[in-house]
Peer 1: 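This is the structure I want to talk about, given as structure tokens.
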Amino acid sequence: MSRVVESAREAVEGIQDGSTVLVGGFGMAGMPVMLIDALIEQGATDLVVVSNNAGNGDAGLAALLAAGRVRKVVCSFPRQSDSYVFDDLYRAGRIELEVVPQGNLAERMRAAGAGIGAFFCPTGVGTPLAEGKEMRTIDGRDYVLELPIRGDVALIGAHAGDEMGNLVYRRTARNFGPVMATAAAVTVAQVTQVVPVGTLDPESVVTPGIYVDRIVQVRQEAS
């Protein structure tokens, strides 16, 4: 059964107010800009966004923040030279922030996709990031308990996909897309090319189509 939809607007239908949305990308590499633009047009608000960064410049995730649709950002790297949209919102008290170390961010989403209830990790021990969390000493080393991050929706970018949703990525655009695809109830992928089933080299498929619910071809390069 084909998972291809005709437009980015159709791809984001049904996203509800208050949803937790996993947004792929490492900066702009792999960010699903067209899906985000469609989400802005769709109008869902009070969103919790999980992404590596808190937006760059004025496009993509930054545009969603500027539109006032995001209540909270969960990310590992909220500040950089062109994150002025997030900076202004945060300083004005108009957005919440949860900082998660980058490896923990990826692993918490991987845990959600793998059905892992929680895991102990040494990253963050002795810092404010561990405050209020369960601690345990294992073989003489301190660990903090980390919980999975699950999304209602994942919006990811890939290079190409087939009609069943099998995805291949291009270079650094691969980043968080694969773990986000497994961690969300609904995964939507924008790709630059949709090809017939059987066209992709199975050895190059990173995200199997079983994790992808909707796929849309966009004109903009996803990487």
Side-chain angles (χ1 to χ4, degrees), residues 3-5 8 11-12 15 19-36 39 48-56 60-61 73-77 100-119 121 123 146-195 197-218 220-223:
R3 289 158 191 171
V4 178
V5 297
V12 301
I15 297 178
S19 294
T20 295
V21 183
L22 314 181
V23 178
F26 191 87
M28 295 302 289
M31 181 172 288
V33 174
M34 301 302 290
L35 293 178
I36 295 172
L39 180 58
V48 175
V49 167
V50 182
S51 189
N52 185 58
N53 302 75
N56 306 79
L61 179 54
V73 170
V74 181
C75 72
S76 68
F77 198 69
V100 180
Q102 191 172 78
N104 287 14
L105 185 70
E107 187 65 7
R108 288 177 65 184
M109 289 186 283
R110 193 195 72 80
I116 297 171
F119 61 93
C121 179
T123 306
E146 298 288 355
L147 301 177
I149 296 176
R150 297 183 177 86
D152 298 301
V153 182
L155 305 180
I156 63 174
H159 178 58
D162 66 22
E163 295 160 337
M164 294 299 293
N166 297 299
L167 302 178
V168 297
Y169 300 84
R170 184 173 182 269
R171 299 177 178 172
T172 55
R174 178 168 171 171
N175 55 72
F176 289 88
V179 292
M180 288 181 170
T182 66
V186 175
T187 293
V188 183
Q190 75 166 52
V191 299
T192 56
Q193 185 181 18
V194 175
V195 299
V197 173
T199 304
L200 298 175
D201 177 359
E203 297 294 334
S204 68
V205 171
V206 176
T207 298
I210 192 172
Y211 293 113
V212 178
D213 299 278
R214 304 170 193 165
I215 181 171
V216 61
Q217 180 173 309
V218 300
Q220 180 175 324
E221 176 62 49
S223 61

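In what follows, every heavy atom counts, from backbone to side chain, and hydrogens, waters and symmetry copies are set aside. Note that the structure is predicted; figures quoted are calculated from it, not measured. Position 1 is the first residue of the sequence, and the numbers go up from there.
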Peer 1: Return the OH to OG distance between Tyr169 and Ser204, rounded to the nearest 0.5 Å.
Peer 2: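 Those atoms lie 12.0 Å apart.
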Peer 1: Between atom CG of Asn166 and atom CG of Leu200, what is the distance when rounded to the nearest 0.5 Å?
Peer 2: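 With rounding to 0.5 Å, CG (Asn166) is 6.5 Å from CG (Leu200).
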Peer 1: With sequence neighbours excluded, tell me which residues meet salt bridge (Lys or Arg N to Asp or Glu O under 4.0 Å) with Glu107.
Peer 2: Arg110
Peer 1: Looking at every heavy atom in both Ala106 and Phe176, which two are closest together, and how far apart are they?
Peer 2: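 Scanning both residues, the minimum pair turns out to be CB-CE2, 3.9 Å.
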Peer 1: Side chains of Val50 and Val100: does their closest heavy-atom pair fall under 4.5 Å?
Peer 2: no
Peer 1: Kindly write out the residues that satisfy salt bridge (Lys or Arg N to Asp or Glu O under 4.0 Å) with Arg174, not counting sequence neighbours, or none if the list is empty.
Peer 2: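 Arg174 satisfies salt bridge (Lys or Arg N to Asp or Glu O under 4.0 Å) with no residue once adjacent residues are dropped.
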Peer 1: Do you know which two heavy atoms are closest between Met31 and Ile36, and how far apart they sit?
Peer 2: CG-CD1, 3.8 Å
Peer 1: Do Pro32 and Val23 come close enough that some side-chain heavy atom pair is under 4.5 Å?
Peer 2: yes
Peer 1: For Thr172, which residues count as a side-chain contact (heavy atoms from CB on, under 4.5 Å) partner, sequence neighbours excluded?
Peer 2: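 So Thr172 forms a side-chain contact (heavy atoms from CB on, under 4.5 Å) with Ala29.
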Peer 1: What do the steps show when you test Arg3 against Asp213 for side chain to side chain contact (heavy atoms under 4.5 Å, CB included), and what is the final call?
Peer 2: CA-CA 6 Å; Arg3 289 158 191 171; Asp213 299 278; over 6 Å; no
Peer 1: Applying side-chain hydrogen bond (donor to acceptor under 3.5 Å, both in side chains), name anything that partners Gln217, two or more places apart in sequence or on another chain.
Peer 2: none
Peer 1: Between Gln190 and Met34 (side chain of the first, backbone of the second, donor and acceptor by atom type, cut-off under 3.5 Å), is there such a pair?
Peer 2: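 Yes: the side chain of Gln190 pairs with the backbone of Met34.
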Peer 1: Please report the interatomic distance CD(Glu146) to CD1(Ile116), rounded to the nearest 0.5 Å.
Peer 2: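 Interatomic distance, Glu146 CD to Ile116 CD1, rounded to 0.5 Å: 13.0 Å.
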Peer 1: Who passes side-chain contact (heavy atoms from CB on, under 4.5 Å) against Ala181, sequence neighbours left out?
Peer 2: Ile156, Thr187, Thr207, Tyr211
Peer 1: Within the 4.5 Å heavy-atom criterion, are Leu35 and Val216 side-chain neighbours or not?
Peer 2: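 The answer is yes, as the side chains (C-beta and beyond) meet within the 4.5 Å cut-off.
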Peer 1: Carefully, step by step, assess Ile215 and Leu167 under the rule side chain to side chain contact (heavy atoms under 4.5 Å, CB included).
Peer 2: CA-CA 9 Å; Ile215 181 171; Leu167 302 178; 3.8 Å; yes
Peer 1: Between Met180 and Gly24, what is the shortest heavy-atom contact and its length?
Peer 2: SD-N, 3.4 Å
Peer 1: Please check if the side chain of Arg108 supplies one atom and the backbone of Leu147 the other of a donor-acceptor pair under 3.5 Å.
Peer 2: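 Yes: the side chain of Arg108 pairs with the backbone of Leu147.
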Peer 1: Please list, chain by chain and in numerical order, all residues satisfying side-chain hydrogen bond (donor to acceptor under 3.5 Å, both in side chains) with Asp152, sequence neighbours excluded.
Peer 2: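 side-chain hydrogen bond (donor to acceptor under 3.5 Å, both in side chains) check on Asp152 returns nothing, list empty.
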Peer 1: Quick check: are there more than 12 heavy atoms from other residues, nucleotides or ligands sitting under 6.0 Å from CZ of Phe119?
Peer 2: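 Atom CZ in Phe119 is packed in, count exceeds 12.
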Peer 1: Which heavy atom of Val12 sits nearest a heavy atom of Arg214, and at what distance?
Peer 2: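 The pair with the smallest heavy-atom distance is C-NH1, 4.0 Å.
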Peer 1: Mind checking whether Asn53 and Leu61 have side chains closer than 4.5 Å, heavy atoms only?
Peer 2: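 With C-beta onward as the side chain, the pair stays apart.
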Peer 1: Side chains of Leu155 and Val21: does their closest heavy-atom pair fall under 4.5 Å?
Peer 2: yes
Peer 1: To the closest 0.5 Å, what do you measure between OG (Ser76) and CG (Asn52)?
Peer 2: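 It comes to 3.5 Å.
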Peer 1: Check the surroundings of atom CD1 in Ile210: do more than 12 heavy atoms from other residues, nucleotides or ligands lie under 6.0 Å from it?
Peer 2: no
Peer 1: Step by step, would you call Leu22 with Ile149 a side chain to side chain contact (heavy atoms under 4.5 Å, CB included)?
Peer 2: CA-CA 9 Å; Leu22 314 181; Ile149 296 176; 4.3 Å; yes
Peer 1: Pro148 and Gly117: which non-hydrogen atoms are nearest, and at how many Å?
Peer 2: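 Nearest pair, atom of Pro148 first, then Gly117: CD-O, 3.0 Å.
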